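Each chain gets a letter, A, B and so on, in the order the sequences are listed, and its residues count up from 1. Side chains included, hydrogens not; waters and symmetry mates left out as well; all remaining heavy atoms used. What you are looking at is a predicted structure, and each value in this text was computed from that prediction instead of being measured.
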Amino acid sequence: MNLYEYEAKRIFAEYGITTSPGVRITKPEELRKIHFGYPLTLKCQVLVGGRGKAGGIKFAKDLKEGESLAAQLLALEIKGCKTESLLIEPKASIKRELYLAVTLDRGRGCPIFIGSAEGGIEIESSENVITVPVPGKFQPYIARDLAKKLGFSGALFNKIADCATKLYKLFEELDLDLAEINPLVITEGDDVLALDGKIIVNDDAIGRQKRFTGWQEKHLTDMSVREGRAKLAGLNLVELDGNIGIICNGAGLTMATMDMVKKFGGRPANFLDAGGGSDAEKTLFALEIVNENPDIEVILLNILGGITACDEVAKALVEFRKKHPNRKMSVRLRGNNQDVAAKMLADSGLKLIADVEAAVKDAVAQANSKTPVGVK
Amino acid sequence: MNLYEYEAKRIFAEYGITTSPGVRITKPEELRKIHFGYPLTLKCQVLVGGRGKAGGIKFAKDLKEGESLAAQLLALEIKGCKTESLLIEPKASIKRELYLAVTLDRGRGCPIFIGSAEGGIEIESSENVITVPVPGKFQPYIARDLAKKLGFSGALFNKIADCATKLYKLFEELDLDLAEINPLVITEGDDVLALDGKIIVNDDAIGRQKRFTGWQEKHLTDMSVREGRAKLAGLNLVELDGNIGIICNGAGLTMATMDMVKKFGGRPANFLDAGGGSDAEKTLFALEIVNENPDIEVILLNILGGITACDEVAKALVEFRKKHPNRKMSVRLRGNNQDVAAKMLADSGLKLIADVEAAVKDAVAQANSKTPVGVK
Amino acid sequence: MILIDKNTKIIVQGVTGKMGASHTKRMLEYGTKIVGGVTPGKGGESIHGIPVFDTVAEAMSATGATVSVIFVPPYLCLDAGAEAIDAGCELVVVITEGIPPQDTAKLIAHAKAKGTRVVGPNCPGLITPGQCLIGILPGVIFKPGPVGMISRSGTLTYEVALGLTDAGLGQSTCVGIGGDPIKGLGYAELLTAFNDDPATEVIVLIGEIGGTAEEEAAAFIKENIRKPVVAYIAGQTAPPGKRMGHAGAIISGGKGTAESKMKAFKDAGVSVATTPLEVVDAVKKCCKQPVTK
Amino acid sequence: MILIDKNTKIIVQGVTGKMGASHTKRMLEYGTKIVGGVTPGKGGESIHGIPVFDTVAEAMSATGATVSVIFVPPYLCLDAGAEAIDAGCELVVVITEGIPPQDTAKLIAHAKAKGTRVVGPNCPGLITPGQCLIGILPGVIFKPGPVGMISRSGTLTYEVALGLTDAGLGQSTCVGIGGDPIKGLGYAELLTAFNDDPATEVIVLIGEIGGTAEEEAAAFIKENIRKPVVAYIAGQTAPPGKRMGHAGAIISGGKGTAESKMKAFKDAGVSVATTPLEVVDAVKKCCKQPVTK
């Protein structure tokens, strides 16, 4: 779960990391109540990156300009993601910018500091990236090693190390995937200030991080409406721009099925992993949400039952066919209770295809044809 | 720092360990406001052990008896330690009693669970003691291993393990030397209840355990008034029943000096380690507090300067002699700046004795004589 | 075969839970030597004819088991895993999905320090066909034979195994290493084990997008593996920045694409398939044994 | 001599603090090879002619030091110690008193896992007279010679060393292991080192009340040590239940009495002194070398 900048900064402040004194507004007229002087920075609160380039950050020299810019920014959509609110801050006096983050390193299997003497950039494209792993229990000296590698000394050395120590603490205590300060600013007065921040809470940990209970619903704006609904229902849906709706069980099989659709000349409309052991109700939800996509021509259901019982899937299919008898479908259903499933589906007008490639090819053919070839 | 039972139980409750619903009172008439029914248990709140045997726990069948017992208990002193208040609890329905504690194991160098299927006893004299060390990061399975070794199964197995897990958590988070539940009671309804509890906070950790800031002053009742004052001044004073006041620098040297006093026929009045690097002010405080003991005949000062500068000690001695010119003293002062010190003390009427045994023998002789032999 | 065989004795942690109980039954039906189960507070009971214990230490000493398979809920896995490791299990298989990765990191570090091997988490388990099935794989799909499999995905493993079995190509051992970004046994350890295993002739590696483990595996194969390897990467059409089901399946910062992984394998001389069935064809070409259908 | 000699290169953590600075000066005056100091944020400065670094890693790689002595405040010692251990120090000497024992336990466990030796905490340090002094011992008291000393107490060590030196009996190495209940190097490791050290003829062990380390040392001596050992226990007159200055010096639950320790040593054939000066007499009897005054 991505947090908004203003939420990330509140958490930073709680852990003792200095941030700009910011105020969140949702209406331009709220600018009148802001007590710090102009020029002000107005920043769109969105859950996607690239906000600066997309014009999501503006500076206002007075209230009039501020209100006009605020109205404009509040209406802004960035990469399809609506602006939730604006964060208003006094313009910072910047001497230098850095990048500082803590995340989990897959290769090393442990948390890692990432730092760069360049800030405000996309870290992936930076050439001066410093990494310091935290293989065991964190101790502040690891943050000092980072400050040293970033080239600091004197009072700033201690301030940077202290900031990194606090960032690690919140990363660990809040079960984050990412705690990022970008840029971390050194002010003209040699203070260290988090000018922008990003926090990604690990989705699997939200259940034990009580402060985030109920937050997910408000933090789905970086997804399509359907993707968000699927997520809240515990399903992984990723929408694409094709016309073949794909539902499988298991992430790898779903990806492989997408890949085969593409290979055999079709265009996947989505990735939907219905998960292992999904029952009829969950499978029906999956069918319905994929079916809602107006772009799809055909639904390809590829289930290889390990945990998943084929008869539960069949039950959902029977239900779905009743409501949507004309939806073109290709169904491959193999594994536990597949014979029971076949019997249940005998009257549904669906033919079951045992071979995976044959099922994919059938779906592609149906998508490219004008008549529903998959229906007997 | 020892905590009172009622304080320990509040901490237990905060960590989710079930305790009796108790009320602390400091006047007998407060019993009238207590809302749970009779019979009641009245327990002296004192910082020393052996309360039960000393008559510090009574049961009252009605308010009248309660008020009379409360008045009696509030006036009770146990092993020289005044009753601070009473803890009033409903009488528990006890099916079984256990002992459960977490402490640090010196030999293994790590925390350790101590459990016994007998409760309410002095653990040192119990024969059925179970120990389970926690050599690395604690995980709840270690508490389950303990519950198993204590012979539990079924629902009680989980309840005991859960209680032990919580006890470990508070032991670790609050930097304790000891977290003890004795007895841990299994009620007729198979609930697990901390009937009595003891917490010792590590003195060196109080500075970082903010909740205990300022608590020390109220928790010195297991010491003499002078011992308490010394502790608050950062000095280690232990009073004994002899007549030779002993001040040294370093714990080992102080103990060795006491031992020599005894060996050469004297009786130590106290242990006072003035610590390494003590300055004139601290040394003067040490001299004054030892001098306040009406039992002492002579003060034996044995300083072997490593960190401690002899001239700082001499400065304190000069000051002390001005105020107490007739106090018998034996002074051994050797190490850093000892020549400067000797010069400073030339007019003080104190002779400096270089040899440690000679100094001890001099002190013993003075203590056993009626005239001040140590003063020229 | 590697890691497990017909003599491997296994306990099930979380044996009385819904998943644990049903898969214990299925493993027993397959012939796996499940010798005990652990559920705190249920010690002394029995399920599907096997005894339940309160602690792993007890279960191991009573049964002689050396392997544990974990079906407990995600937030209890660090505790359960540490219990198995500290009780002396040689191999711990973590089926559970949804463990917070910081817990997994701690678990794996602890296992490494103690010399315990971990498979998973978020994995289907592993199988030596005809001998031992640990986890949730559908046993009927697998047959004994010369192909060693390593895979980040569950159902995709079944797809490939089904294709191999249908083509008369059985498997020595199949290991599902799991779809999480931080995991126990990885490609290098298992490639080495299969390379040293006389029963394995061909190794199938099924990767997916996310991370750089496949690139590292390709380099490792080039240096160390003498047996033929067939690789398949799922997610050739996955968009960047989106998590594709598995916690580990995400292309981020330009890293973790199928293209990069496939190229690395090709550069290392590994045969690269573009669909599950192409894996079967590629394996056929590598196999010395005559294919028996 | 053991642990340190004239070639030992040492850095001082907390070198610019009051204690650190003054004892660095004294160690340098003694001739100890203090080659660098560490104070975060003061890197690039110098003190008493030695360079100050921001991190231990930097200090070690710039100076070639292998030993660190720690003078930082109690709550920062776990961090400082971990830094020294992870930077690869072979020996870490922790002078600081008042470290919460749970921190010490973590520090010692970490050191053991990494193979680093720790002396202390809450100790005066160690000295190989005429060659190397690490810590806060008054160097002038010590002279080179055949007596190896191990002690839980600082000033009491000086008292005994003074007596030995006055009697013409110098010391090979004296190690103050510290007065805390949880500590690094203990009696067994150091007894073994002195037993193996050709320069040591007699070993003096200065214990005190609290714990059972002396009883264990007595058993260890009986089994393993061939050189004569003289033991002295402070606290023969200490009352039970009272902490005598040192965090570790407490008789509790009937355990840790001087009587028990002295008995254990006697039973192990160790010569037991009842005053510091008796130690000197006992050592004289054991010494092969002629006493030179």
- Item | Segment of A:R332 engaging chain C (4.5 angstrom heavy-atom cut-off) | side chain
- Note on the structure: On a heavy-atom basis, the closest approach of C:T275 and A:F264 is CG2-CZ, 4.4 Å
- Task: Determine which residues belonging to residues 226-238 of chain A lie within contact range of chain C, meaning some heavy atom pair is under 4.5 Å apart, and list them by number or answer 'none'.
- Result: A:E227, A:N236, A:V238
- Neighbour count above 12 (heavy atom, 6.0 Å) for C:K114 NZ: yes
- Message: The test is salt bridge (Lys or Arg N to Asp or Glu O under 4.0 Å); show your working for C:R243 and A:D204 and say whether it passes.
- Response: CA-CA 13 Å; C:R243 212 169 280 279; A:D204 289 326; over 6 Å; no
Show the atom names and distances, to 0.1 Å, of all donor-acceptor pairs under 3.5 Å that link a side chain in residues 175-186 of chain C to residues at least two apart or in another chain.
from	atom 1	to	atom 2	distance (Å)
C:D180	OD1	C:N122	ND2	2.9
C:K183	NZ	C:D180	O	3.3

- Task: Show your reasoning for whether side chain to side chain contact (heavy atoms under 4.5 Å, CB included) applies to C:D103 and A:R208.
- Result: CA-CA 12 Å; C:D103 279 10; A:R208 69 181 183 189; 2.8 Å; yes
- Query: Where does C:E208 contact chain A at under 4.5 Å (heavy atoms): side chain, backbone, both or neither?
  - Reply: side chain
- Note on the structure: Per-residue tally against chain C (heavy atom, under 4.5 Å) across A:G335, A:G207, A:G49 peaks at A:G207
- Message: Let's test your reading of the structure: which of A:E172, A:R108, A:M223 forms the most heavy-atom pairs below 4.5 Å with chain C?
- Response: A:E172
- Query: What's the spacing between C:K106 NZ and A:C110 SG if we round to 0.5 Å?
  - Reply: 12.0 Å
- Largest heavy-atom contact set with chain A, pairs under 4.5 Å, which of C:P74, C:P276, C:G154: C:P276
- Task: I would like to know whether A:N249 and C:Y158 meet side chain to side chain contact (heavy atoms under 4.5 Å, CB included); could you show each step before the answer?
- Result: CA-CA 11 Å; A:N249 60 330; C:Y158 314 160; over 6 Å; no
- Message: Tell me which of these, C:K242, C:K112, C:M244, has more heavy-atom pairs under 4.5 Å with chain A than the rest.
- Response: C:M244
- Out of C:P101, C:S151, C:P138, which one racks up the most heavy-atom pairs below 4.5 Å with chain A? C:P101
- Message: Quick check on C:L277 against chain A: is it the side chain, the backbone, both or neither that has a heavy atom closer than 4.5 Å?
- Response: both
- Item | Flag if over 12 foreign heavy atoms under 6.0 Å of CD, A:E173 | yes
- Query: Between C:Y232 and A:A256, which heavy-atom pair has the shortest distance, and what is it?
  - Reply: OH-CB, 3.2 Å
- At their closest point, which heavy atom of A:L104 faces which heavy atom of C:A105, and how far apart are they? CD2-CB, 4.5 Å
- Bottom line for A:D105: the part with an atom under 4.5 Å from chain C's heavy atoms is backbone
- Considering only heavy atoms, which portion of A:N302 lies under 4.5 Å from any heavy atom of chain C: side chain, backbone, both, or neither? side chain
- Between C:T274 and A:K263, is any side-chain donor less than 3.5 angstrom from a side-chain acceptor? yes
- Item | Residue selection (most heavy-atom pairs with chain A, distance under 4.5 Å) from C:G235, C:A238, C:G139 | C:G235
- Item | Other residues, nucleotides, ligands: >12 heavy atoms within 6.0 Å of C:E259 CD | no
- Cut-off 4.5 Å, heavy atoms of chain A, and the answer for C:L162 is side chain
- Hey, could you give me the CE/CD distance between A:M260 and C:Q236, rounded to the nearest 0.5 Å? 10.0 Å
- Query: Within the side chain of A:N202, is there an N or O that forms a donor-acceptor pair under 3.5 Å with the backbone of C:P100?
  - Reply: no
- One option among C:A213, C:G210, C:A249 has the most heavy-atom pairs under 4.5 Å with chain A, and it is C:G210
- Between C:E159 and A:G252, is there a donor-acceptor pair closer than 3.5 Å when you use the side chain of the first and the backbone of the second? no
